[in-house]
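Since the structure comes first, as structure tokens, the remarks are kept for the end.
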Amino acid sequence: MHWSRRCSLLICLALTLCTTAAAQISYPWISEDSSGRATVAQEDGDTLDIASPDGLTLWLDSCLRGTYTVSFRAQVLTGCDSCRLSDLNCFWAARDPEHPDDFFARSAWRQGWFDRYNTLCLFYVGFGGNENTTTRFRRYHGDRYGKDDPRVKPLLQEYTDPDHLLRPSHWHEVCIHVGHDSTTYSVDGRQLFAHELKPGEGDGYFALRLWRNHIRVAGFRVTKDY
């Protein structure tokens, strides 16, 4: 199944936004696909099979505000032509400083090209990037677009040891929490990164960011705290 820029039928079935009142609301995703050939298939209820020949960003079509947790399990597939053990990445708290009231105003222009996300303000983790040699945490400052990379998206922390990289055939449990004054990123119950937040700095959009790989995602969940 091929995805257009706005495609909501399939993935909204696998996403649940939960509140403390136990209400459940489904939200669609918005695809920015540089290849135009990314595919998504649903398997076993809440499991999604996602293949991206090039750059693919899947934005949750809902701005998350206040305190919340994004959690999911993901497996990076190996052993096939389209499989590459690399780049289980994500963006969160994303905002467009040029279009503060319409985050998707430049969606067609971004179109999955990685350097164009430098125009956004966001947090980024590249889990198993660079052919699974690095796991990096960056803070993007879109209002500095056009400057050198260390100013636009400074590297906050990095791991290069195998204990912090992707494992073949392993279901990684990813958890991103945005609290009142900090945000954290954890894998398999272990916190890898943390960063202090100013008021409102954790508000914004979440995305899965893939590049030339094939993954499965299961149990995607957003829990909103009130």
Side-chain angles (χ1 to χ4, degrees), residues 1-8 10-11 28-41 48-64 70 72 74 76-77 81-156 158 166 174 176 185 204-215 217:
M1 176 178 181
H2 290 279
W3 277 66
S4 62
R5 185 174 68 87
R6 280 184 177 267
C7 185
S8 61
L10 181 60
I11 291 188
W29 297 70
I30 291 175
S31 169
E32 297 174 356
D33 173 19
S34 64
S35 72
R37 296 181 290 113
T39 61
V40 180
L48 297 173
D49 183 283
I50 308 170
S52 178
D54 201 72
L56 175 66
T57 304
L58 291 175
W59 292 106
L60 178 63
D61 190 13
S62 177
C63 183
L64 302 177
V70 177
F72 57 93
V76 182
L77 303 182
D81 291 341
S82 63
C83 298
R84 193 173 65 99
L85 188 64
S86 186
D87 290 288
L88 176 59
N89 311 325
C90 59
F91 299 135
W92 73 98
R95 294 171 288 109
D96 185 345
E98 291 294 320
H99 298 275
D101 299 320
D102 185 3
F103 180 75
F104 295 105
R106 293 195 284 183
S107 182
W109 172 76
R110 290 191 296 261
Q111 197 181 356
W113 297 106
F114 190 58
D115 60 345
R116 297 183 182 180
Y117 295 95
N118 290 358
T119 60
L120 303 179
C121 296
L122 54 81
F123 290 101
Y124 169 76
V125 166
F127 183 21
N130 299 301
E131 304 299 329
N132 201 30
T133 61
T134 63
T135 292
R136 292 174 171 172
F137 182 37
R138 294 185 184 273
R139 181 70 169 109
Y140 280 48
H141 297 280
D143 52 356
R144 302 174 191 170
Y145 181 62
K147 306 296 183 181
D148 56 302
D149 268 8
R151 292 185 62 191
V152 176
K153 50 182 180 183
L155 180 64
L156 303 179
E158 177 184 42
L166 295 167
V174 178
I176 297 166
Y185 176 95
Y205 288 82
F206 170 86
L208 295 169
R209 169 65 193 181
L210 310 176
W211 186 59
R212 297 181 182 176
N213 58 3
H214 191 162
I215 73 168
V217 175

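This chain uses plain numbering: 1 for the first residue, then up along the sequence.
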Please name the pair of heavy atoms, one in [X] and one in [Y], separated by the smallest distance, quoted to 0.1 Å.
{"X": "Ser35", "Y": "Ala38", "result": "OG-N, 3.6 Å"}
{"X": "Ala93", "Y": "Phe123", "result": "CB-CD1, 3.9 Å"}
{"X": "Val70", "Y": "Leu64", "result": "CG2-CD1, 4.1 Å"}
{"X": "Cys121", "Y": "Gly142", "result": "SG-N, 3.4 Å"}
{"X": "Thr119", "Y": "Asp96", "result": "O-OD1, 4.2 Å"}
{"X": "Tyr185", "Y": "Cys90", "result": "CE1-SG, 3.9 Å"}

List in chain and number order the residues that pass salt bridge (Lys or Arg N to Asp or Glu O under 4.0 Å) with [X], two or more places apart in sequence or in another chain; answer none if no residue qualifies.
{"X": "Glu158", "value": "Arg136"}
{"X": "Arg151", "value": "none"}
{"X": "Asp115", "value": "none"}

- Task: Could you give me the CA-CA distance, side-chain angles and deciding distance for Arg84 and Val76, then say whether side chain to side chain contact (heavy atoms under 4.5 Å, CB included) is met?
- Result: CA-CA 8 Å; Arg84 193 173 65 99; Val76 182; over 6 Å; no

- Do we get Arg212 above Phe114's six-membered ring, with its NZ or CZ under 6.0 Å from the centre and within 45° of the axis?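 So Arg212 doesn't make the cation-pi contact.
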
- Query: Where the side chain of Ser31 meets the backbone of Leu58, is there a donor-acceptor pair that is under 3.5 Å apart?
  - Reply: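 A pair under 3.5 Å: no.
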
- Sole residue of Phe137, Phe103, Trp59, Tyr205 in ring pair (Phe, Tyr, Trp, His ring centres under 6.0 Å) with Phe91: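 That would be Trp59; it is the only one of Phe137, Phe103, Trp59, Tyr205 passing the ring pair (Phe, Tyr, Trp, His ring centres under 6.0 Å) with Phe91.
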
- Query: Which residue pairs pass the side chain to side chain donor-acceptor pair (under 3.5 Å) test with at least one member in residues 138-150, sequence neighbours excluded?
  - Reply: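 Passing the test, one end in residues 138-150: Arg139-Glu201.
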
- Residues that Phe72 engages under ring-ring contact (aromatic ring centres under 6.0 Å, His included), provided they are two or more places apart: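 Listed in chain order: Phe220.
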
- Message: Checking Cys63 now: which residues fulfil disulfide (SG to SG under 2.5 Å) with it, not counting sequence neighbours?
- Response: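 For Cys63, no residue satisfies disulfide (SG to SG under 2.5 Å) once neighbours in sequence are set aside.
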
